[in-house]
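Below is the structure I would like to discuss, written out as structure tokens.
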There are 2 protein chains.
Amino acid sequence: MVRKACSAAPNVLSPQCPTRMVLDLIADKWTTLVIYLLSQGTRRYGELQREVGGISQKMLTQTLRKLEHDGLVKRVVYPEVPPRTEYSLTELGTTLREPLGALCKWAVEHLPDVEKARKAGARQRARASEALSA
Amino acid sequence: MVRKACSAAPNVLSPQCPTRMVLDLIADKWTTLVIYLLSQGTRRYGELQREVGGISQKMLTQTLRKLEHDGLVKRVVYPEVPPRTEYSLTELGTTLREPLGALCKWAVEHLPDVEKARKAGARQRARASEALSA
DNA sequence: CAGAATCCACGGCGATACTG
DNA sequence: CAGTATCGCCGTGGATTCTG
């Protein structure tokens, strides 16, 4: 495991730990979706809004701006009329595909387990107390 | 608006896609921290609260409950006085360590890049307008 | 010690309207 | 088309209090 990431103690719990940053990065409902889409190729603003489905312009713009600010997404504006803006992953942005992919892979593989646990959870919870006293 | 789930095409954009579930799972400031801690060994409620630092009992309990409900965390209550509760990762929970670790690894490796981008962004943004008019 | 319950503030986020 | 600006809901989450 990655230790000395933080100052002295390998503490993920301190806010300045890089782990925290990743969370801020992906712990956003939309961010991951946008990255996913862009990992498939360059998109225009409108395309993204249409494809993500359910996202408001506010959120899309906000997400895009954050991503751009973090150097993960490249924004190219063509000073034309009508306006055209194209978004794409930067070099850095593409490096996120793998770890993100690993996570998705986990989801696909373990989804059944989680669903099973969710269903069993309700029943099991009811008998939890009695099981312990036995 | 429910198009085909992601049965055939892994459409991350549809809400019922497993990817969405992962997001719901980790897209929580605390969840990842808790999992990280538990991946190091069993913890008591109070220990978690102290170690995570900054988390309220409400959030801790809530997070723990969700994790338990999803079958990632095992909760053992000892009917003693004073009460003692121990939390630990389930078998399923430990499988999350790897993909989560990959993410952390990414963070550590690319943190400098992101920070650089963040710093450069501010300056660059200032010259963006003038650059266009030039 | 572990947790449930309540109150409340802030901010996320969507909807809408306007601009270049 | 690609945004920005404004408003308002409501969910998230913190602080506090109470219980077994």
Side-chain angles (χ1 to χ4, degrees), chain A residues 13 15 20 23-34 37-38 42-69 73-88 121 125-126 128-130 132-133, chain B residues 1 13 15 20 23-34 37-38 42-69 73-88 121 125-126 128-133:
Chain A
L13 315 167
R20 219 42 178 270
L23 289 192
D24 292 347
L25 219 63
I26 65 163
D28 187 306
K29 199 167 46 170
W30 306 117
T31 304
T32 317
L33 283 316
V34 170
L37 268 181
L38 290 182
T42 297
R43 297 293 153 98
R44 297 182 54 175
Y45 184 89
E47 290 176 331
L48 285 174
Q49 184 169 10
R50 226 172 309 109
E51 295 195 78
V52 172
I55 196 173
S56 59
Q57 341 81 311
K58 181 179 179 180
M59 277 297 92
L60 180 55
T61 301
Q62 188 172 303
T63 302
L64 251 15
R65 288 291 184 277
K66 197 184 80 179
L67 254 17
E68 185 194 3
H69 182 240
V73 160
K74 186 175 43 182
R75 174 170 175 258
V76 180
V77 181
Y78 298 90
E80 310 171 338
V81 143
R84 159 184 280 252
T85 310
E86 287 189 344
Y87 293 92
S88 57
R125 198 184 312 243
S129 46
E130 104 181 44
L132 277 176
S133 49
Chain B
M1 91 120 73
L13 312 169
R20 218 45 178 269
L23 289 192
D24 292 347
L25 221 60
I26 65 160
D28 187 308
K29 201 170 39 169
W30 306 118
T31 305
T32 317
L33 282 315
V34 170
L37 268 181
L38 291 181
T42 298
R43 295 292 152 100
R44 297 182 55 175
Y45 183 89
E47 290 176 331
L48 286 173
Q49 183 170 9
R50 226 172 308 113
E51 295 195 77
V52 171
I55 195 174
S56 59
Q57 338 83 312
K58 182 181 177 179
M59 278 298 94
L60 180 55
T61 301
Q62 187 173 304
T63 302
L64 252 13
R65 288 291 185 277
K66 196 183 81 179
L67 253 18
E68 185 193 1
H69 183 240
V73 159
K74 185 175 44 177
R75 174 171 174 257
V76 180
V77 181
Y78 297 91
E80 308 170 339
V81 141
R84 159 183 276 250
T85 310
E86 287 189 346
Y87 293 91
S88 58
R125 199 185 313 245
S129 46
E130 104 182 44
L132 277 177
S133 48

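Letters A, B, ... mirror the listed sequences (proteins, then strands); counts begin at 1.
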A/T61 meets the side chain to side chain donor-acceptor pair (under 3.5 Å) criterion, sequence neighbours left out, with A/Y45
With a 4.5 Å limit on heavy-atom distance, are the side chains of B/L48 and B/L38 in contact? yes
Here the distance between atom C1' of C/dC1 and atom CD of B/Q49, to the nearest Å, is 10 Å
d(B/Y87 OH, B/E47 CD) to nearest 0.5 Å is 12.0 Å
One should read off an interatomic distance between A/L33 CG and A/M59 CE, to the nearest 0.5 angstrom, of 13.0 Å
When rounded to the nearest 0.5 Å, the distance separating CG of A/L60 from CZ of A/R65 is 9.0 Å
Nt span of DNA chain D in reach of chain B heavy atoms at under 4.0 Å, 5' end first, is D/dG13 to D/dG20
Taken to the nearest whole Å, CD1/A/I55 to P/C/dG12 is 15 Å
Students should find that the end-to-end axis angle of the helix from C/dC1-D/dG20 to C/dG20-D/dC1, with five pairs defining each axis and rounding to 10 degrees, is 40°
Sorted by chain and number, sequence neighbours left out, side chain to side chain contact (heavy atoms under 4.5 Å, CB included) with B/T32 holds for A/L23, B/I26, B/L100
Rounded to the nearest 0.5 Å, the OG1 atom of B/T63 sits from the CH2 atom of B/W30 at a distance of 8.5 Å
- prompt: Crowded around B/K66 NZ? As in, over 12 foreign heavy atoms under 6.0 Å?
  reply: yes
When rounded to whole Å, the CG to C1' distance for the pair A/L60 and C/dG12 reads 16 Å
Polar-atom pairs under 3.5 Å, protein N or O versus N or O of nucleotides 2-8 of chain C: list them with distances, or write none.
residue, atom, partner, partner atom, Å
C/dA2, OP1, B/R44, NE, 2.9
C/dA2, OP1, B/R44, NH2, 3.1
C/dA2, OP2, B/G46, N, 2.8
C/dA2, O3', B/T85, OG1, 3.0
C/dG3, OP1, B/R75, NE, 3.0
C/dG3, OP1, B/R75, NH2, 2.7
C/dG3, OP1, B/Y87, OH, 3.2
C/dG3, OP2, B/Y87, OH, 2.8
C/dG3, O3', B/R65, NH2, 3.4
C/dA4, OP1, B/R65, NH2, 3.0
C/dA4, OP2, B/R65, NH2, 3.4

Residues at least two apart in sequence or cross-chain that pass side chain to side chain donor-acceptor pair (under 3.5 Å) with B/Q57, listed by chain then number, are none
So CZ of B/R75 and CG of B/L67: to nearest 0.5 Å the spacing works out to 13.0 Å
